[in-house]
Chemist: 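Quick one: the structure is below, and I'll ask about it shortly.
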Amino acid sequence: MWRLLREGLRGQQGWTRAWSKATPRPRYRVLIVGGGGHGLSTAFHLASEHGIRDVAVLERGPIGLGNVGRNTTIIRSNYFHPDNIRFYELSLTLWERLERRLNFNAMVSQRGTLNLFHTEAQRDLFTRRANQMRLLGVDAEAVDTSGIRRLVPLADLDNGRYPVLGGFLQRRGGTVRHDAVAWGYARAASAAGVDIIEHCEVTGLRISGSRVSGVETPGGFIAADTVCLAVAGHSSHLAAMAGLKLPIESHVLQAFVSEPVKPLLDVVLTYGAGHFYISQSDKGGLVFGGAIDGYNTYAQRGTLPMAEEVAAAAMTLLPPLARLKVLRQWGGVMDMSMDGSPIISKTPIEGLVLNGGWCYGGFKAIPAGGLTTAHLIAHGAPHPAAAHLDLGRFAAGRTVDERGVGPSPYLH
Amino acid sequence: MGGPARIGPGMLTAGSRPLHFRFDGRELQGLAGDTLASALLANGVLQVGRSFKYHRPRGIVTAGPEEPCALVDVIGLHGREPNVPASTLPLSEGLTAESQNRWPSLRLDVRSLADRLARFLPAGFYYKTFMSPGWAWERLYEPLIRRAAGLGRLSADLEPHADPAETVHDHADVLVVGAGAAGLAAACRLGGAGLRVILAEQDVLCGGGTLLDERWTQWRNALRARLEQLPTVRCLTRTAVLGAYGHGVFGALETLSADESARFGGLRERFRVMRVRRVLLATGVLERLIAFPGNDVPGVMLAGAALRYLRRYGVAAGRRPALFANNDEAYEALFALAAAGVHCAGVIDPRPDSRPAARARALGIPVHGAALVGAVDGRHQVRAVTITELDGRPRFVLEADGLLISGGQLPASALAGQLGATLEWHEGQAAFIPQLAAASGHIAGGARGVCGLAAAAADGDAAACAVAAELGRSAAALDLPPVPADPEATALRPLWEVRGRGKAFVDLQNDVTTDDIRLAVREGYEHLEHMKRYTTFGMATDQGRIGGLVGCAVLAEARGVPLSEVGALRERPFTQPVPFAALAGAEVRGHFRPRRRLALHAWHESAGATFVSAGLWLRPLVYSREPGWAPVLAEARAVRERVGITDVSTLGKIDVQGPDAARFLDLMYANTFSTVAVGRARYGIMLREDGLLLDDGTTSRLAAGHFIITTTTANSAAVLEHLEFHLQSTCAALDVVLTDIADQWAQFAVAGPRAREVVAPLTALDISKEAFPFMAVAETTLAGVPGRLFRISFSGELAYELAVPATEALAVWSALLESGARFDIRPYGLDALNTLRIEKGHITTAELNGNTTAEDLGLQRLLKKQGDFIGRTLAQRAGLNAGERLQLVGVRPAARSARLRNGSQLVSPAAPGMSLGYLTSATPSIEFDGWVGLALLSAGRQRIGERLLARSPVHAEEVEVQILSAHMLDPENTRVRS
Amino acid sequence: MLRIPCPWCGLRDESEFRYRGDAGRPRPAAEAGLDAFNTHVYERDNPRDWHTEWWLHIAGCRRLLRVVRHTLTHEIRSVEAASQPQGAERGR
Amino acid sequence: MSAPERELPGEAAAGTRCAPVGTDIIELTPFRERTHVLKALAARRGLALPATGWLAITRETLLLCVRPERWLLLTAPAPPGAALAAWRPACAGCAAAIELTAGLTALHLAGPAVREVLARGCRLDLHPEVFVPGSAAATTMAQVSVTLGALPGGWLLLTPSSTAQHLREWLAATARPFGFAPDAMLSVSSLSGERAP
Ligand SMILES: Cc1cc2nc3c(=O)[nH]c(=O)nc-3n(C[C@H](O)[C@H](O)[C@H](O)COP(=O)(O)OP(=O)(O)OC[C@H]3O[C@@H](n4cnc5c(N)ncnc54)[C@H](O)[C@@H]3O)c2cc1C
Ligand SMILES: NC(=O)c1ccc[n+]([C@@H]2O[C@H](COP(=O)([O-])OP(=O)(O)OC[C@H]3O[C@@H](n4cnc5c(N)ncnc54)[C@H](O)[C@@H]3O)[C@@H](O)[C@H]2O)c1
Ligand SMILES: Cc1cc2nc3c(=O)[nH]c(=O)nc-3n(C[C@H](O)[C@H](O)[C@H](O)COP(=O)(O)O)c2cc1C
Ligand SMILES: [Zn+2]
């Protein structure tokens, strides 16, 4: 703050790079592939929690332009599976402390996430989830229609087709300024001694015997004791370099933003009669999205039917939006796992660690994902909050399937 | 007196009637044909808004959809529509608009304080501050920021007035986007070759750049006339192509003219989905701005826009404007204004000399060569400009009431970018030229850097010939008037920024200055996409159309790299913002999803049913409009005590026929169907390949090679898809025909101790216990209608299900009611059905929730030991058979007066924080005193007899419950077999 | 957005189809064992490349199609019926 | 049960006219290697089974093929079960013959604006040179499943009976700006197209 005043008087000349642009050294104790939220958070936690500073993050482009830079920024910890609640709740508590941890304002905004329900079956599911959360000490509350009307005056609760019967609110849920998350972790990790190496694509993984020994890049080989894959939608692609097949398919999730308008919507709202969720960014744009496209793809772009579908849901739930204009549409490639839950795990290759399978929900998990992945790397054993996210769960039949649709990512 | 004014007739306004409108409360007058912007200018109104961050006064900069500044709120019948570009909004009688982002008034905006404090609010300032005290971000700073941000204000009533909306699907061989010289020529050529063409033009008129040059009138008219005669060409004006989605799919928005809108019941725009074989982008060029201090003062306008205002609306951008430009084209505005009698203050051109400069001098307009504009005098309006040498030394101050600027032209490449165009840097034009792979599309004319209208027309024609050839057509020669020659041009001198004191904007809406870009570079946000996100450059409603390249150039300079290395902003849909209503189309609100109606819908309605949506279906929930359990329990009691009838037609029904039908079902179901006798049904479960349950239902064998499957309502589509998938892949060798017969058959359950007596009179069949036992099936005549009779029961009572063709539903249903009248038969709805099945321990999707196994639900005895089936192998995994898994049990409150709630968590009193399971379904009971429920409980079957707590902390409830077997009612099944 | 040329129905929007995933994973033999089924059910190649996949034309002919598509460019290289209903004459 | 016989409506003011079609419908699907048997059986009854994507009209019937190897046969209404009874025994061992009379609702659309109206819900290219008379296709319209046939004097539309009301309402609402008129019931034989396109 004082700095801002001082720089104001000095013509903003004194600011320096938020993170330094490193060039790679020949070997590191830990190499993290992927400069997205999880890669950077992992690096930060390795350096700050475990004193492991001999770390580099390798990012094929500029950092933060993968899914961390294109998501709808929702954070919450309302999950069904108790282990998932614990994991995402850990993340939520870390979000609450993030700004002071990083000395960077990522605008964590706990404005509340409100899930609407339209059928009794949905009500029962949400009740069960909220009660499970409450047993674990996590905030969740039921909201009746008059409460919803107060929270979202724009909503047409009757809406002619699937009336809103009620909702569940997690007040501590909300949004975070997505880009600032990548920048804030990069800045803090860099300050702690981590090398952040941009424009450095990993093109191969070198395996010696059953161990990983480093990575190939266009600039040459870089050796490492541990290599952590944190490449989200490209997990399978990287794993294939080590001869591994993952329980992951890459699918596109789209997002949209409207023109900016004065404050309209003060919670994160999810519609229950179709795939649709929406919140308003601090800049004034309504940020919203829907379901995944539902087929394997690495193309980071949107489609017309999804735009129409999501707009139709918006119009149904929030008819006053009719004349507001949608500004931009984009997509992100997501690592859809076979049970819809993430994977933080060792792999059959010694020294190769996987952070992936984030599906459409890995943004909220960035603090905890980094913390638990760093723990796994530092201790060689899973962090208790992420022990259920191991790769072995699939074969063992211990899948963590929130939606109960089974190993068909196109249904998640 | 200075400033803009109407000085003559315009192409669109000549001779048209006056219209009255209001802007910020002022009553003003314009002409039919005007846009709001041209009408405001005609009234001398210069300042029309405030900027996003600094709240600086802003005017009208462009004459098209690329407008960054002149966005207004339009006050309509049903509310307030924000962010409408005045530059495209057609004027209409009574139009009411207000400026945005200012308080209390446009001229006196309190937040413009931000402008004075600007030095403390550089790009990204919010990341560096507002962090302490810890609570303050959300409660203090964020609300402040949010209120300050946002442009217009949206307000609308919730009344379901539902503006009409529609989506139209168009098809063509070729979509030509843009009807300028290139597009018109291309469409003529393609149409002449007999190809189906859509020519989409966002403007109200076809013509593009030719509309601004009188020499082209004849050519344009000739082409328009020709196009009208070509039967395969559709010319869609007012239609902007918004998005390119690959595989030949495009989204476009047509704004209806007032007449057409009236014809379509007030429809304002029409969303068009175009599916085409080829696309030809003839989107022309956009003019770019120059960054110099004060380039945002009202009265600074793009030169091309000034030309448009003059030609189209007869409006001069100023009475004594100056021009600041680095290219020849921009002088056209000056010449046109001069020809219309406007006295131009002078020209500032960084080039020492040029052909049009000579022409200007000849017209008596002073031209200052090798000069720049270093500052603008005036806050609410341009008063004078400071002319400097190229090195920045001031030369002198030129009085002017407006400043027309032009930094050159660049291809309008938004759609090309969406189609994956590569951008090639063109030094001569100082612009990126998009290039597309032939498979993605073609670009012609100004859109690919071709200069001049004649050249563009020729290029459009050539591109059309290439497209025609790709589609196997030879394009016939066209007999068209000759094109006027393009003037010879002096090369443009790239000019991005004039450095000086004061803010030089590259993004006029988001208030991003050249200094902001340099700051971003210092802080390491030097990649274009980082700079964009850090400063919000190019993220406003205009998406950086006129300032984008300028910002990139400033970035390149700050980084010390060539512009080609920096690249350009990434293009995404939409080329123009599109209203939610238009994008959504007609399938919203009450029409969001279709309704599937039962054949007996009208009967249920007249019987007083409350309907509930179950997926797309409307189902009777209870035959009462009263809330509460009483009517439900009355219906359920009728079944337990006498007899009831319910419509179960929503169940999925699949006909399976063929020599291999039984083998197929044996593979698809976990139990065996080949051993089912003809005339018998069997309850079956289907697993997913991962070993978890997919669905359940009864399947009946009508003949050796003929089965009828029933599925749950919720899973009917999924099960059919599952079967069809496997039949055509895993089991492709099997000879089976699957047919969805869900809608063919209405199906009713008649349940209760008197069911037999109700059904018997309707059929000749002997349905006695012996002749037609539990699980018997027959094809028979029911009330004179050929139907099917099943002896199956979901309620736990003696029951029959009757299936009859849906067309005969009412006749048979009525016959049953009549036959049951002596037992006081009652129709029962979904709620009563649920009460009955819970008591009986029958499962539905509440328990079959995708995470349960056969074992979990106590169905393990159904898993066949012999032979393969989907899910067999993986169902044996340890994790799916672990002892602590949740198993189905029954639940009753210990205190009979207590009620149960679905979704409560089961805990042991010793560890009330640890969930052992949860309640899936609960109901007040008919048979038992108080409530009963079903639950999924860890190692549940071993806990039968235990007492646990059912906790619902969200409702502050806690109920002591007793764990029972799920088979609470008649575990020996004597009733169903009676 | 995809448009898939169905051999029976012609060029149709992706919304008319149901995606059924990687078509390169035939169901293992009945007795192939746990590992084989685990691999079949959970592991995916998920290539950033050409991908052979199942699409069921649910809104049209309801036939299962084997489509070869590039997962980055979305180019469709071939479409064929998973199993040919014998004797059927091709339509459009 | 039987519909009043009625001539196909002429070119009246309404852009779209919509009439229910009174018809029995059965679906014939041959088992493996039995197509020729079914074809022969049909031939004996004076019917030629059209190729996928086409329909065939005789005086009394209409045959549509929108799914390979599956034919929808539309015949004049008879008492319930009669249509099936006429085919099922003959099809034994050769084809599945399944009654869908109650499962599908048939509508006939005519008028100069029909294509405009359909383009507001149907994604197919219905241009007369593409979807030529005699074409048939299954697709979705207004979010529900439909089978479309281009008849000489109009359009045949089949939709599952549970969504028929939805589709009729949608048609009426969408066609309103073009002029919409509901018509009295037509019979299959009146579709047979003595009226040239
Ligand atoms: C539209 C959309 C909306 C979403 N909404 C939400 C939401 O509201 N809430 C939520 O919690 N989650 C949401 N998500 C999901 C969330 O964004 C992701 O799960 C999460 O960001 C993924 O983790 P990440 O940040 O590490 O991934 P990324 O940011 O994608 O990071 C992966 C990085 O790896 C790099 N990389 C890839 N290959 C290589 C290579 N060979 N060498 C070097 N580097 C490589 C990539 O360039 C990329 O930068 C959404 C996702 C999308 C697309
Ligand atoms: N003489 C002048 O005043 C003048 C003005 C403009 C252009 N030009 C010259 O004309 C040449 C360009 O001719 P041209 O035919 O290529 O372009 P053009 O600018 O004449 O026409 C392009 C047309 O495309 C339309 N358009 C752009 N994007 C669209 C979209 N997404 N959807 C629908 N319509 C869209 C525009 O409204 C415009 O009418 C350039 O080389 C330029 O030098 C001259
Ligand atoms: C939360 C959020 C808010 C956004 N707001 C805007 C916005 O106001 N204006 C804008 O042009 N883009 C906005 N974007 C979209 C970005 O411009 C960009 O499209 C997105 O980050 C994906 O990157 P890409 O388009 O470069 O692939 C926003 C994105 C996110 C994730
Ligand atoms: Zn098909």
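Each chain gets a letter, A, B and so on, in the order the sequences are listed, and its residues count up from 1. In what follows, every heavy atom counts, from backbone to side chain, and hydrogens, waters and symmetry copies are set aside. Predicted model only: the values in this text are computed from it and were never measured.
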Chemist: Given that the side chain runs from C-beta out, which part of A:Ser258 has a heavy atom under 4.5 Å from chain B: side chain, backbone, both or neither?
Modeler: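 Side chain of A:Ser258 only, per the 4.5 Å heavy-atom cut-off to chain B.
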Chemist: Can you tell which of A:Glu99, A:Lys283, A:Glu141, A:Glu309 has the highest number of heavy-atom pairs within less than 4.5 Å of chain B?
Modeler: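 Ranked by heavy-atom pairs under 4.5 Å with chain B, first place is A:Lys283.
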Chemist: Select one option (side chain, backbone, both, neither) describing which atoms of A:Pro82 are under 4.5 Å from chain B's heavy atoms.
Modeler: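 When you check distances to chain B, no heavy atom of A:Pro82 falls under 4.5 Å.
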Chemist: Quick one: pull up CG in B:Asp73 and CG in B:Leu151 and give me the separation to the nearest 0.5 Å.
Modeler: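 These two atoms lie 9.0 Å from each other.
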Chemist: Is NZ or CZ of A:Arg123 both nearer than 6.0 Å to the six-membered ring centre of A:Phe126 and within 45° of the ring axis?
Modeler: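 A:Arg123 over A:Phe126 ring: no.
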Chemist: Any idea which of A:Thr316, A:Asn131, A:Leu135 has the most non-hydrogen atom pairs under 4.5 angstrom with chain B?
Modeler: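 Result: the option with the highest number of such pairs is A:Asn131.
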Chemist: Chain B heavy atoms under 4.5 Å from A:Leu324: which part of the residue, side chain, backbone, both or neither?
Modeler: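 Answer is both: backbone and side chain atoms of A:Leu324 are under 4.5 Å from chain B.
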Chemist: Could you look at A:Phe288 and say if it's the side chain, the backbone, both or neither that has a heavy atom under 4.5 Å from chain B?
Modeler: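 For A:Phe288, the side chain is the part near chain B, not the backbone.
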Chemist: Chain B heavy atoms under 4.5 Å from A:Ala314: which part of the residue, side chain, backbone, both or neither?
Modeler: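 Side chain only.
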Chemist: Are side-chain N/O atoms of B:Glu957 and B:Ser904 paired as donor and acceptor at under 3.5 Å?
Modeler: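 No pair is found: no donor N or O on one side chain lies under 3.5 Å from an acceptor on the other.
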Chemist: More than 12 foreign heavy atoms under 6.0 Å from CZ of A:Arg17: is that the case here?
Modeler: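 Yes, the 6.0 Å shell around CZ holds more than 12 heavy atoms from other groups.
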Chemist: In terms of heavy-atom pairs under 4.5 Å, which option from A:Gly406, A:Gly64, A:Gly137 contacts chain B the most?
Modeler: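 Result: the option with the highest number of such pairs is A:Gly406.
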Chemist: Could you check whether B:Arg533 pairs with B:Glu529 (Lys NZ or Arg NE/NH1/NH2 to Asp/Glu carboxylate O, under 4.0 Å)?
Modeler: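 Between B:Glu529 and B:Arg533 there is a salt bridge, with a charged N closer than 4.0 Å to a carboxylate O.
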Chemist: Heavy-atom cut-off 4.5 Å, strictly under: side chain, backbone, both or neither for A:Glu96 against chain B?
Modeler: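 A:Glu96 has no heavy atom closer than 4.5 Å to chain B.
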Chemist: Name the region of B:Pro912, side chain, backbone, both or neither, that has any atom closer than 4.5 Å to a heavy atom of chain A.
Modeler: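 For B:Pro912, the contact with chain A is made by the backbone alone.
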Chemist: Side chain, backbone, both or neither: which part of A:Arg177 has a non-hydrogen atom closer than 4.5 Å to chain B?
Modeler: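 For A:Arg177, the side chain is the part near chain B, not the backbone.
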Chemist: Counting only non-hydrogen atoms closer than 4.5 Å, does A:Arg301 touch chain B with its backbone (N, CA, C, O), its side chain (CB onward), both, or neither?
Modeler: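 Both parts, backbone and side chain.
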Chemist: Please determine whether the number of non-hydrogen atoms from other residues, nucleotides or ligands lying under 6.0 Å from atom CZ of B:Arg153 exceeds 12.
Modeler: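 At most 12 heavy atoms, drawn from other residues, nucleotides or ligands, come within 6.0 Å of this atom.
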Chemist: What part of A:Ala106 gets within 4.5 angstrom of chain B, counting heavy atoms only: side chain, backbone, both, or neither?
Modeler: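 Looking at A:Ala106, nothing touches chain B.
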Chemist: Is chain B contacted by the side chain of A:Asn159, its backbone, both, or neither, given a heavy-atom distance below 4.5 Å?
Modeler: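 It is the backbone, since no side chain atom gets that close.
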Chemist: At a heavy-atom distance under 4.5 Å, which candidate from A:Ala312, A:Gly160, A:Gly184 has the highest pair count against chain B?
Modeler: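 Highest number of pairs under 4.5 Å: A:Ala312.
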Chemist: Less than 4.5 Å to any heavy atom of chain B: does that hold for the side chain of A:Leu65, its backbone, both, or neither?
Modeler: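 Side chain only.
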Chemist: Both conditions, 6.0 Å and 45 degrees, for the charged tip of A:Arg128 above the ring of B:Tyr918: are they met here?
Modeler: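 Yes; both conditions hold, so A:Arg128 lies above the ring face of B:Tyr918.
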Chemist: Taking B:Gly879, B:Ala878, B:Gly913, B:Gly903 one by one, which has the highest count of heavy-atom pairs under 4.5 Å against chain A?
Modeler: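 Top count of heavy-atom pairs under 4.5 Å with chain A: B:Gly903.
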Chemist: With a 4.5 angstrom heavy-atom cut-off, could you sort out which part of A:Glu308 is near chain B: side chain, backbone, both or neither?
Modeler: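 Both the backbone and the side chain of A:Glu308 come within 4.5 Å of chain B.
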Chemist: Please work out whether the ring planes of A:Phe168 and A:Phe117 are parallel, tilted or perpendicular, with thresholds of 30° and 60°.
Modeler: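 Tilted.
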Chemist: Surrounding NE2 of B:His722 (heavy atoms of other residues, nucleotides or ligands, distance under 6.0 Å), is the total greater than 12?
Modeler: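 Count over threshold, so yes.
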Chemist: How about B:Arg901 and B:His955: does a side-chain donor come under 3.5 Å of a side-chain acceptor?
Modeler: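 Yes - a donor-acceptor pair under 3.5 Å links their side chains.
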Chemist: As an exercise: rank A:Gly284, A:Gly274, A:Ala273, A:Ser109 by heavy-atom pairs under 4.5 Å with chain B and give me the winner.
Modeler: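 Heavy-atom pair counts peak at A:Ser109.
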Chemist: Using a 4.5 angstrom heavy-atom cutoff, name the option from A:Arg111, A:Arg398, A:His118 with the most pairs to chain B.
Modeler: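 Of the options given, most contacts go to A:Arg111.
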Chemist: With a 4.5 angstrom heavy-atom cut-off, is it the side chain or the backbone of B:Thr167 that approaches chain A, or both, or neither?
Modeler: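 Side chain of B:Thr167 only, per the 4.5 Å heavy-atom cut-off to chain A.
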Chemist: Chain B heavy atoms under 4.5 Å from A:Val405: which part of the residue, side chain, backbone, both or neither?
Modeler: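 Only the backbone of A:Val405 comes within 4.5 Å of chain B.
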Chemist: Examine A:Lys325 relative to B:Phe574 and say whether NZ or CZ is less than 6.0 Å from the centre of the six-membered ring and inside a 45° cone about the ring axis.
Modeler: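 The answer is no; the distance or angle limit is not met.
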Chemist: Taking side chain as everything from C-beta outward and backbone as N, CA, C, O, which of these in A:His178 sits under 4.5 Å from a heavy atom of chain B? Side chain, backbone, both or neither.
Modeler: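 No part of it gets close to chain B.
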Chemist: Are A:Trp19 and B:Glu523 close enough that a side-chain donor and a side-chain acceptor fall under 3.5 Å?
Modeler: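 Side-chain D/A pair, A:Trp19 to B:Glu523: absent.
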